[in-house]
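Some notes on the structure that comes next.
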2 protein chains.
Amino acid sequence: MSGNVNGPQSGSSRAELPVIDVGVVHERSDAARNRLRVLAAAERLFATRGAAGVTMDEVAAQAGVGKGTLYRRFGDKGGLAVALLDEREMELQARVLGGQPPLGPGALAADRLVAFVAAYLELVAAQLDLVLMSETSAPGARSRTGAHAFWGQHVRLLLSEAGVGDVDLRADVLLAALAAEQVRHWLDEDQRDLERVGSALAGVALALAQP
Amino acid sequence: MSGNVNGPQSGSSRAELPVIDVGVVHERSDAARNRLRVLAAAERLFATRGAAGVTMDEVAAQAGVGKGTLYRRFGDKGGLAVALLDEREMELQARVLGGQPPLGPGALAADRLVAFVAAYLELVAAQLDLVLMSETSAPGARSRTGAHAFWGQHVRLLLSEAGVGDVDLRADVLLAALAAEQVRHWLDEDQRDLERVGSALAGVALALAQP
DNA sequence: ACATGAAGCGGACTCTAGTCCGATTCACTC
DNA sequence: GAGTGAATCGGACTAGAGTCCGCTTCATGT
């Protein structure tokens, strides 16, 4: 995602490329203070009792802030999760854009794709309930996150480098396989271990990258 | 799904094969009457204002039934959607199990797979908001429906007939691509037409069926 | 410093999903 | 056809997400 937790409402500019994008106009000092308080409180509460088990009232109370403030800034529960995921996600974005191959530039598209799948799967699994909330709190939430835009772009690029047709749709298919809900299903209900899911998905990625 | 809308609570038996499964013990006459009333009312309301725009209170009121009755029988809003989808879904199930090739038995696995994708996509698209509700009303709802079990079984069978490895996971990937939320995204947000999505997904299915 | 208007704040309020349990109705027996 | 136990009914109740709008606080120009 793109760190744009600052602007009054997120998701305003459609065409925005998911890159840095700092403090839109000028964040008022009380707003900044409250933003930090909320993030800290949310992180603490989510870590303790799981994202799903925490109410927005609790976050607001714990942060010493009104509910209106919470919603003004983060939009909804999913937006709060997105904000918390920001940091980790940006780290992976950096590794993809400028890190070592095969994740970063310089390797074959197919190899980069496999590396991406493994890395992204790991990230999702490590923050499962946060990602789950960010993707399912509202219908259609998944495609609205800046993160999704970024990874979609990346996968489309790699697929077109590999020369397949239907690049857009295939990228969506691959990302759907990496959706939090799906990953949770494999890990929790099917009791698969992360390793095996990862290698099976690598196979899927390669199959999809075949012209 | 399997027409097991009768039993006090659905989703009790895990190992159930998604086949016929008629009236569990003995449906009381008032229960039967109310079930029909509820289904009729829900169908009417959903058709008029869309599944998402109708509250459970309205369904109950329109059916002349208490809310407790609604929830006792259908579990939650998703369960109500599942019950309404039942009929159409069973029709497709019949065509898959015993209809003409390539959808029914007798064709090559790859051809059956492509036919299934097209038919299922069409069904989802035709009942989009109902399927959406059945899959997203509760977290994990998608994998709990009998329908999902049935189609999963079918796809796994075809994939293993085609000789691929990772049959289970690949089946899940293919079905994830056919999830209501994903289909809605392609149709509504990306403004693609059903034809093109169908043929692109046929390509995906074939790629996944490649060993 | 002070005025001023815009941005931000917060908590009461609404809306809806889902639960609970006393009252009711049913199927079955004698 | 009255008795009986269990399944079913239904509406009041709870809980949590998200909205609304009058009040407060900030940044800026004078």
E58(A) and salt bridge (Lys or Arg N to Asp or Glu O under 4.0 Å): which single residue from K77(A), R44(A), R49(A), K67(A) fits?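 Exactly one candidate clears the test, R49(A).
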Identify whether the distance between the nearest side-chain nitrogen and carboxylate oxygen of E181(B) and R184(B) falls below 4.0 Å.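 Counted as a salt bridge, because a side-chain N and a carboxylate O are separated by less than 4.0 Å.
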Treat primed atoms plus P, OP1 and OP2 as sugar-phosphate and everything else as base, then score nucleotides 14-19 of chain C 5' to 3': B for base contact with protein heavy atoms under 4.0 Å, S for sugar-phosphate contact only, - for none. --SBBB
Which residue pairs satisfy the side-chain hydrogen bond (donor to acceptor under 3.5 Å, both in side chains) criterion with at least one member in residues 122-136 of chain B, sequence neighbours excluded?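 Passing the test, one end in residues 122-136 of chain B: E135(B)-R142(B).
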If you look only at pairs with a residue in residues 168-180 of chain B, which of them pass as a side-chain hydrogen bond (donor to acceptor under 3.5 Å, both in side chains), with sequence neighbours excluded?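 Those involving residues 168-180 of chain B are W186(A)-D172(B).
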Take a 6.0 Å sphere around CD of E87(A) and say whether it holds more than 12 heavy atoms from other residues, nucleotides or ligands.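 Counting other residues, nucleotides and ligands, CD of E87(A) stays at 12 neighbours or fewer.
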State whether the distance check finds a donor on one side and an acceptor on the other, under 3.5 Å, for side chain R73(B) versus base dT8(D).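 It does not, because no donor-acceptor pair links the side chain of R73(B) to the base of dT8(D) below 3.5 Å.
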Under 4.0 Å: is that the gap between some side-chain N or O of [X] and OP1 or OP2 of [N]?
| X | N | value |
| --- | --- | --- |
| S29(A) | dA27(D) | yes |
| R72(A) | dG8(C) | yes |
| N34(A) | dG8(C) | no |

For the side chain of R28(B), starting at C-beta, report the closest nucleotide among dC9(C), dC26(C), dC26(D).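 Closest nucleotide among those given: dC26(C).
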Take R33(B) and D30(A), find for each the nucleotide of DNA chain C with the closest heavy atom, and name the residue whose nucleotide sits nearer the 5' end.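 The residue mapped nearer the 5' terminus is D30(A).
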For T69(B), answer base if it contacts any base atom (sugar-phosphate contacts may also be present), sugar-phosphate if it contacts only those atoms, and nothing otherwise; contact means non-hydrogen atoms under 4.0 Å.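 If one applies the 4.0 Å heavy-atom cut-off, T69(B) turns out to touch a base.
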